[in-house]
Structures are given as C-alpha cells and as structure tokens.
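From a predicted model like this one, the values you see are computed outputs, not experimental measurements. Note that these values count all heavy atoms, side chains included, but never hydrogens, waters or copies made by symmetry.
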Amino acid sequence: MRKRKTWNDVIVFAVTLLLAVIFFFPIFFNLMSAFKSNGEILRDAIAFPKGLYLESFKHLLFKTDFPAAIGNSFILTVGSILFMILLIPMAAYAIERTNKKWTYLVYVYYLAGMMIPFQAYMIPLFKELKMFGIYGSLSGPILIYIAGSVGFGVLLYTSFLKGIPREIEESAEIDGCTKVGIFWRIVFPLLGPCTASMVVLQGLGIWNDFLMPMLVLPSGKPKTMVVEIFYYIGEFSSRWDMIFAGTAMSVVPILIVFLLLQKYFVKGVAAGAIKG
Amino acid sequence: MTSALVPKKKKKKWVSYSFLFILPSLLIYTLFVIGPTISSFYLSFTSWDGVSPEARYIGMANFEEIWNSERVHNALKNTILLTIALVILENVLALALAMLVDQVRWFKNFFRSIFYFPVLLSGLVMGFVWTIILNYNFGVLNRLLELAGLDSLKTDWLGNPDYALVSIILSTVWKSAGYYMIIYLAALQGVPPELNEAASIDGANKWQQFRHITFPLLAGAVTVCMMLSMIGSLKIFDQIAVMTDGGPGFATETLTYIVYKVGFGELRQGFGTAMALVLFLLILIVSIIQIKVLRRREVQL
C-alpha cells in the first residue's frame, strides 16, 4: 500500500513538472533570446545564446524613448494608486456607515459602472480630455484609471467594512475625535488587507494596460512601456534582438515584484475574482 | 447606544462629512465614466468621424448597418467561437492544474507560481512572445517541428486564416488558465479530505471520487470561473491587436476589435460607438445572468 502511494506521488510530480516546463517555456525562451544577437536568432531560434549579448539592452536604454516610457508607466501606476487608496476607502466608509437612502443610491450608482466596459465610452473620452485641456498630460489617464476603479473598489471596501465593528469608532467619537480623525487614525489602518488587494490588482492592471494609454496619450511622444513595445513591432520588425530585449525588460520587473510579494498577489487576485 | 450617547448636533454634522467623503470620487466617476457613456448614446446616432467639430445626426442608420453588415456578422461569429472555446479550455485546464498542484507533494508553491505567472503579463507582451514563437520563418514552434522530422506540419500559424483564431485561443488559454486555477485551488481546500477517504474505503476509484464528491463541491467555483472567463473573452483585445491585427482578412476580427478598428483606424467614430454599445449590451446581459446565478447560489448556501 505504502509503495503504491509513493509511486502515485512520483507520477503526479512528473506530470506537474512536465506541464510546468511547457508553461514556462515561452517566458524562458523570451528571456534567453534577449541575450542573443539578431544574427544568432535568425540562424537558430532555439539554440542557447553563445555569450551574453547586451547590445540590444544598451541600445534601448540609451538611444530610444524606452527609459522615458518606463518613467511614464511608473508615474501612471503610482499616481493612480495613491489617489485610489485615498478617495475610494473614504467614499466606501461614508456609504457603509451612513445608513441613508441617498448613500444607498450612490452605492448602486457606483456599482452600475462595473458593468460598463471601457470600449463603450472610450471614443467620447478622447473628446472630453481635449475639452478639459488635459489631453497630452499624464493627469488624463490617471483620472480615467481612478474613475474606472471606483465601482470595484467601493464594492471591495464596503463589504470589508461590514466586518469591522463600529464600537471602536463610537468610543473614539465620544472621546472627541473628529470623523476625519476617526477615519484616518482608526479605520484606514484596519483596511490594510483590502488596500493591499487594491494596490496589487489595480497596479498590475495599470502597469499592463495597453488600449487606454495608446488612445489618450499623444503620438510622437514616449507613451507607456507596453505601448512603446507595440510601436517597436512596426519600427523594428526585422530587429528581433530589440524586440526580445524590449519584452524581456517588461517581464523582469513583474517577475521580481511577483517573487517578492507572491502571497499578496495570490490573495489579491482571489479576492478580486470573488468580488468582481 | 449610538443615538443615546452622541449629541444630536454631531449627528447632523456627520451627514455633511459623509457627503464630503463621497464627493471627490463621485465627481471623477461621473465625469470620466458616466458622462462619456451617456455621450456615447448620442454619438451612436451620428456619423461623426472623430475629427470634424460637428457630429451629424443620422438616426438609426448605424444600428441598421450593424444589423446588415457581413463584417459584423463575421466578428460576432468569431467572438462566439472564441468565447465558447475559451470558457471550455480555460476551465478544464485550470481545474486540471488545480487538482495537480493540490495533490503534488514536492515544490507545491513553486508550481503554483509557474502556472500563475503568465496571468501577470500584459496581454500585449504575451501576444508578442507568442507572435515570435509562432513566426513562420524562425518561430520556435516550426523549428521544433523541423527537429522532430515533421516538416510537413510547418505552418504560418498566424498568417493562415484556418489557424489564426486557434493560435489566439490557445495562447490566451496559456495566459489565463493560472487565474482560474487559483480560484479552483481555493475551492479545493474547502473539500474535506474525510469524504474522499471514506469513499476510497468503500471502494470508489479516483474517477468516481472526483465525479461524485470533489466536482459537486466545486460547483460554486465552476460558476464563478465560467462567468469570469465569458466576460473576459468578450472583452479580449490586446492579443488580437499585436498577433494578427484582426487578420488575415477578417479571420480574427472580434466585436471589441471592430470598435477600435472602425473608430480609430477608419475614422468612423459614430459607427464605432454604436458597435461599442452593442458589445456593452452583450456584456450587460452576461453580467446580469452572472449576478442572478450567484445570488441563487448564495441563498442555497
């Protein structure tokens, strides 16, 4: 009996390992090819690199808009996230703790937005940014990201707030603490797990977003990292070394952040999936 | 306790606080989601090109064109095919991966991370990686076929209309299976092992245990995952933009892709918006079904 059990484990392990190799292969192939010269790639796509060919990275980092695009992606992600975790918990707190008809209506109004896909309103948005005179600045996309996350964020935070007892807030109020003080000093820290989910989920979505920044950031200037990679297909369609290096550069930061925050990623996505 | 101890005056003040707390997000949300959605309804009745200052009202003409257009019918067919294939394949693979990762004895977390990692990539970068793998001349897939002595199977995977959609489907399965795997894994952890042990003592084999114990207990996760993958498939965009641009011909053009192509590539934003609203309606119907089904389950639990 025991022996059979061990065999069973070995078979399960072997199958899983085989699938894992197949699964990781595309990423491994991409990272490996980033260190090959164009000639090497064309000669034999699956051969290992002869040495560490770093010219494509040097070219991308010192002679193109890539660094500026990385900077833009960073500003968009951090900027949007900061405003989201400032404004959304505030709204959710007011909605959950004020049992009034109007707050319920606001809640429903926010949730309705979760069903509107970006494609449904992207064309008028473009016009609107021009009307407000913010077309071409990074504040446009930041506002769009915040607006797009309100529905999901409010849902996540209100359901989390339901599990936090009100007694602490009430006693703080009796001690003379203001509502703003109660929120920032007592409630906000308690929302930590929820905020972590928001940061991971929305941060990843913004960092990876392609359609929106491509549409609303002006052409001719560095856009975001993902959009810049898209333009490289057209520009460098025969320079495969550049393309591999560019995609590798966008994969590595995610890989590092994922390895560091693995726990939060899995939890965040699980929470998002069940709510969203 | 609240009303007895908190003075009336403070209670009144709280209403204004809650209004101030809600106001900033309410403004941004109204201006950048609801406002433009309402303008889309108006724009869908115009022949606006996206450039000229005035949008000309043309009534139902855009919707009539959608109803009659061969291209839209083709895109609808592609969207439905893609959605059915993705929902089935993603869920079957995700469930299989979850079962394996749940049972494997060594390197559990390592495997979970490997299967999950593609989820973190942007659809565009992922599409890019696959474009390179599927390239006819030196793509790694054709190269592997060559090495295996199967030269006759070499194909231009993305340039051949027969295989382009299949290529997009399979690469998307690779990208998203890990996401659903996490949900199934969470659900599997809720299956009490005693049930399977008891069944195995009673002589049930592995398949019978799965069929009659594990799977019924996963029903909730199955519903969630199927709905999520359905909505995800209806919205698919990045991969198509980078892998095929809707081609060859119109072989991989989906509803989302038409909205973008027509609106920005062909400067027919009125028509593009009308298309977007049709897509919105489709997603709305699926979401409402989702909420209904999930509510019903909540009652049962």
Determine, using ring centers only, whether [Y] and [X] are less than 6.0 Å apart.
{"X": "A:F183", "Y": "B:F21", "value": "yes"}
{"X": "A:F24", "Y": "B:F115", "value": "no"}
{"X": "A:F13", "Y": "B:F111", "value": "yes"}

Heavy-atom contact with chain B under 4.5 Å, split by part of [X]:
{"X": "A:L17", "result": "both"}
{"X": "A:F29", "result": "side chain"}
{"X": "A:M84", "result": "neither"}
{"X": "A:I11", "result": "neither"}
{"X": "A:S149", "result": "neither"}
{"X": "A:V180", "result": "both"}
{"X": "A:L143", "result": "both"}

Does a sphere of radius 6.0 Å around CE in B:M226 hold more than 12 heavy atoms from other residues, nucleotides or ligands, not counting ones at 6.0 Å or beyond?
no
Neighbour count >12 (heavy atoms, 6.0 Å) for atom OH, A:Y104:
no
Is it the backbone or the side chain of B:L23 that comes under 4.5 Å from a heavy atom of chain A, or both, or neither?
neither
Residue B:T131 versus chain A: region with a heavy atom under 4.5 Å
neither
With a 4.5 Å heavy-atom cut-off, do [X] and [Y] have their side chains touching?
{"X": "A:N8", "Y": "B:K206", "answer": "yes"}
{"X": "A:L215", "Y": "B:Y260", "answer": "yes"}
{"X": "A:P124", "Y": "B:L43", "answer": "yes"}
{"X": "B:V129", "Y": "A:I27", "answer": "no"}
{"X": "A:I123", "Y": "B:F264", "answer": "yes"}
{"X": "B:F280", "Y": "A:Q119", "answer": "no"}
{"X": "A:P26", "Y": "B:W174", "answer": "yes"}
{"X": "B:L100", "Y": "A:L19", "answer": "yes"}

Any idea which heavy atoms bring [X] and [Y] closest together, and the distance?
{"X": "B:S40", "Y": "A:A120", "answer": "OG-O, 2.7 Å"}
{"X": "A:G148", "Y": "B:V33", "answer": "N-CG2, 4.1 Å"}
{"X": "A:A20", "Y": "B:I114", "answer": "O-CG2, 3.7 Å"}
{"X": "B:Y29", "Y": "A:Y110", "answer": "OH-O, 3.3 Å"}
{"X": "B:I22", "Y": "A:A91", "answer": "CG1-O, 3.9 Å"}
{"X": "A:V226", "Y": "B:L124", "answer": "O-CD2, 3.1 Å"}

Inter-residue atom distance A:I144.CD1 - B:L31.CG, 0.5 Å rounding:
11.5 Å
Mind checking the CG-CG spacing from A:N208 to B:L120? Nearest 0.5 Å is all I need.
8.0 Å
Apply side-chain contact (heavy atoms from CB on, under 4.5 Å) to residues A:E128 and B:F32 and explain how you reach the verdict.
CA-CA 8 Å; A:E128 202 176 292; B:F32 291 95; 3.8 Å; yes
Between B:V259, B:L26, B:I133, B:I283, which shows the greatest number of heavy-atom pairs under 4.5 Å with chain A?
B:L26
Pick whichever of B:F107, B:W48, B:Y180 has the most heavy-atom pairs under 4.5 Å with chain A.
B:W48
Does any donor atom in the side chain of A:Y121 or B:S39 lie under 3.5 Å from an acceptor atom in the other side chain?
no
Before giving the answer on side-chain contact (heavy atoms from CB on, under 4.5 Å), spell out for B:S122 and A:F210 the whole-Å C-alpha distance, their side-chain angles and the decisive distance to 0.1 Å.
CA-CA 8 Å; B:S122 101; A:F210 163 60; 5.7 Å; no
So, using salt bridge (Lys or Arg N to Asp or Glu O under 4.0 Å) as the criterion, who are the partners of B:K261 when residues are at least two apart?
B:D245
With side-chain contact (heavy atoms from CB on, under 4.5 Å) as the criterion, how do A:Y109 and B:I34 come out once you've worked through the C-alpha distance, each side chain's angles and the decisive distance to 0.1 Å?
CA-CA 9 Å; A:Y109 178 66; B:I34 301 298; 3.4 Å; yes
By the salt bridge (Lys or Arg N to Asp or Glu O under 4.0 Å) test, which pairs, at least two apart or in different chains, include something from residues 126-136 of chain B?
none
Per side-chain hydrogen bond (donor to acceptor under 3.5 Å, both in side chains), B:R105 is matched among A:D9, A:T16, A:T6 by A:D9
Take A:F25 and B:V140 through the side-chain contact (heavy atoms from CB on, under 4.5 Å) test and state the conclusion after the steps.
CA-CA 11 Å; A:F25 178 75; B:V140 79; 3.9 Å; yes
So, the side chain of B:D238 versus the backbone of A:L211: is there a donor-acceptor pair under 3.5 Å, distance only?
no
After noting the C-alpha distance and the side-chain angles of A:F23 and B:F117, does the key distance pass the ring-ring contact (aromatic ring centres under 6.0 Å, His included) rule?
CA-CA 9 Å; A:F23 243 78; B:F117 187 69; over 10 Å; no
